[in-house]
Amino acid sequence: MNTWDVIIAGAGIIGVSLALELRERGAKVLVLDKGEPGNESSSAAAGMLAAIDPETPLALRPLALESARVFPEYVARLEEISGVETDFRRHGTIALLDSSAVSPAGYQRVSANDLGRFEPLLHCAGQQAFFIREDTVDPRLLMRAALAAALNRGVEIRGSTQALTVRSREKHVEVETAADTLQAKAVVNCRGAWSGAPVRPRKGQMLYVQTPQRDLLRHVIHAPDVYIVPRGSGKILVGATVEDVGFDKTVFPSTIEQLLSVAARYLPELRSAPVVESWAGLRPGTPDDLPILGPTDIPGVFAATGHFRNGILLAPITATIMADVIAGKEPKLDISPFSIARFASVKG
């Protein structure tokens with residue numbers, strides 16, 4: 001029987017980052033994915049590393065802040081091992097808030113004069129501007145780098161291979177696929193929106209426009225009803241919806257047109273920019289918008305899923321924490337709020 005130290009179900013950024021971390025600690029790792037590795041929500045994300053976003057639950061802030069802190073090192077390691085650049089940008093975000101809103105901690109108010117220097121083409125549309133020290137990354141390039149780095153380090157990754165059943169035995173865990181039965185000391189569920197209850201898909205539609213000049217926008221613009229994310233290529237991402245429609249990834253032209261229309265209120269030059277791509281991704285949501293991290297009720301089986309909007313941001317810290325948990329070590333951050341047992345207690 002084929003045997004590994006750890007089998008990971010799900011080749012998104014969480015699963016592949018964990019696989020690389022485990023491999024660099026000496027483990028023999030296999031990653032399975034039901035489709036094309038890295039081709040679901042990880043590549044569909046916007047790539048804003050928004051650790052202090054007011055919508056981030058308080059219980060998640062310590063993990064988000066620590067992951068944002070180590071993200072530059074994480075990116076540098078992936079780029080070095082893989083040879084793939086990720087368009088990691090450290091220009092920050094301009095948040096536009098209602099003039100009566102109280103600014104969250106870490107938001108620095110921007111004067112009209114400074115805003116004119118920072119983003120001369122930006123229209124505030126009656127909002128007050130704040131600067132936030134946040135980074136961004138291109139998730140598609142990041143996913144490509146992570147996959148290449150894992151392969152270069154000796155991680156085995158199998159696409160079009162779904163984990164059908166997982167069974168705990170006395171000294172190992174068995175994973176059954178359509179082709180064969182695999183065996184490992186530990187198995188980790190990193191299947192994102194496909195992880196099973198209580199994780200459910202949260203659809204997000206978004207688009208890319210191509211601008212004639214690369215310096216049209218420098219900062220991320222985060223308004224109450226839209227976000228606008230520049231890339232080094234000159235493309236600008238506009239997003240995104242949050243929809244509870246199951247596994248439907250249909251892209252509706254009317255939704256894309258509405259997103260672009262809203263974005264053009266703040267950046268009028270977008271009105272004439274051609275839409276070069278539109279898509280939908282399925283974020284893995286949970287009832288309390290917190291991830292699921294740690295052991296499950298099946299011996300030898302762990303979960304690292306349910307990251308909702310923050311899968312890209314939380315990839316490095318999740319990899320470190322889960323590698324520690326699988327090794328039987330106490331993680332450096334408290335993950336008790338993210339135990340899957342919290343849902344069992346609610347049902348009871």
Side-chain angles (χ1 to χ4, degrees), residues 2 4-23 27-45 78 139-140 142-151 153 155-167 173-179 182-203 247 249 281-286 290-296 298 300-323 325-326 338 340:
N2 298 321
W4 286 264
D5 293 316
V6 182
I7 295 174
I8 295 172
I13 196 62
I14 297 294
V16 175
S17 296
L18 174 57
L20 180 59
E21 178 70 23
L22 289 166
R23 181 63 189 143
K28 182 183 178 185
V29 186
L30 170 66
V31 183
L32 308 176
D33 197 274
K34 66 178 184 60
E36 181 70 22
N39 207 34
E40 287 291 351
S41 60
S42 295
S43 292
L78 290 184
R140 295 179 185 178
L142 183 74
M143 192 70 248
R144 191 182 306 167
L147 285 166
L151 290 169
R153 283 292 190 260
V155 173
E156 184 177 351
I157 300 174
R158 297 184 189 178
S160 301
T161 307
Q162 186 170 354
L164 300 174
T165 60
V166 177
R167 296 182 292 267
V173 182
E174 288 182 358
V175 176
E176 185 176 340
T177 72
L182 312 172
Q183 180 176 300
K185 298 174 185 176
V187 172
V188 191
N189 181 354
C190 297
R191 294 186 296 176
W194 289 265
S195 294
V199 177
R200 67 185 191 276
R202 307 289 298 280
K203 177 181 175 181
F247 291 93
K249 294 201 294 182
L282 300 177
R283 311 174 186 93
T286 64
L290 294 175
I292 299 170
L293 302 174
T296 69
I298 303 175
V301 179
F302 301 82
T305 186
H307 291 75
F308 191 29
R309 296 172 179 262
N310 292 300
I312 300 295
L313 168 63
L314 294 173
I317 194 64
T318 298
T320 301
I321 285 173
M322 290 303 301
V325 171
I326 292 167
F338 316 119
I340 195 171

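The first residue of the sequence shown is numbered 1, and numbering continues consecutively from there. A quick note: this is a predicted structure, and the numbers were derived from the prediction, not measured.
Annotation: Arg144, atom CZ; neighbour count of heavy atoms from other residues, nucleotides and ligands within 6.0 Å does not exceed 12.
With respect to Asp5, the salt bridge (charged side-chain N to carboxylate O under 4.0 Å, His left out) criterion is satisfied by exactly one of Lys185, Lys28, Arg23: Lys185. Screening Val155, Val6, Leu147 for a side-chain contact (heavy atoms from CB on, under 4.5 Å) with Val31, the sole residue that qualifies is Val155.
Thr161 contributes no side-chain N or O that, together with a main-chain N or O of Leu32, makes up a donor-acceptor pair within less than 3.5 Å.
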(message) Set out, in order, the CA-CA distance, both residues' side-chain angles and the distance that settles side-chain contact (heavy atoms from CB on, under 4.5 Å) for Lys34 and Glu40, then state yes or no.
(response) CA-CA 10 Å; Lys34 66 178 184 60; Glu40 287 291 351; 3.6 Å; yes
(message) Before you tell me yes or no, could you show the steps for Arg158 and Leu182 under side-chain contact (heavy atoms from CB on, under 4.5 Å), namely the whole-Å CA-CA distance, both residues' side-chain angles and the distance that decides it to 0.1 Å?
(response) CA-CA 12 Å; Arg158 297 184 189 178; Leu182 312 172; 3.9 Å; yes
(request) Let me see the working for Ile8 and Leu22 under side-chain contact (heavy atoms from CB on, under 4.5 Å), right down to the final yes or no. (result) CA-CA 11 Å; Ile8 295 172; Leu22 289 166; 4.2 Å; yes
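Across all their heavy atoms, Ile13 and Gly311 have their closest contact at CG2-O, 3.8 Å. Contact between Pro37 and Ile157 at its shortest, heavy atoms only, is CG-CG2, 3.8 Å. Shown here for Pro284 and Thr305, the closest heavy-atom pair between the two residues is CB-OG1, 4.5 Å. Across Leu18 and Ala323, no two heavy atoms sit closer than the pair CD1-N, 3.7 Å. Thr177 and Leu164 make their closest contact through C-CD1, 3.7 Å (heavy atoms, listed as atom of the first residue, atom of the second, distance). Closest heavy-atom contact between Lys203 and Arg283: O-NH1, 3.1 Å.
Distance check: Leu293 CG to Ile317 CD1 gives 10.0 Å after rounding to the nearest 0.5 Å. To the nearest 0.5 Å, atom OG of residue Ser195 and atom CG of residue Asn189 are 4.0 Å apart. Note that CD of Gln183 is 12.5 Å distant from CG of Leu30, once rounded to the nearest 0.5 Å. Atom SG of Cys190 sits about 7.0 Å away from atom CE of Met322, to the nearest 0.5 Å. Atom CG of Leu78 sits about 9.5 Å away from atom CE of Met143, to the nearest 0.5 Å. With rounding to the nearest 0.5 Å, the separation of CG in Leu314 from CZ in Arg309 is 13.5 Å.
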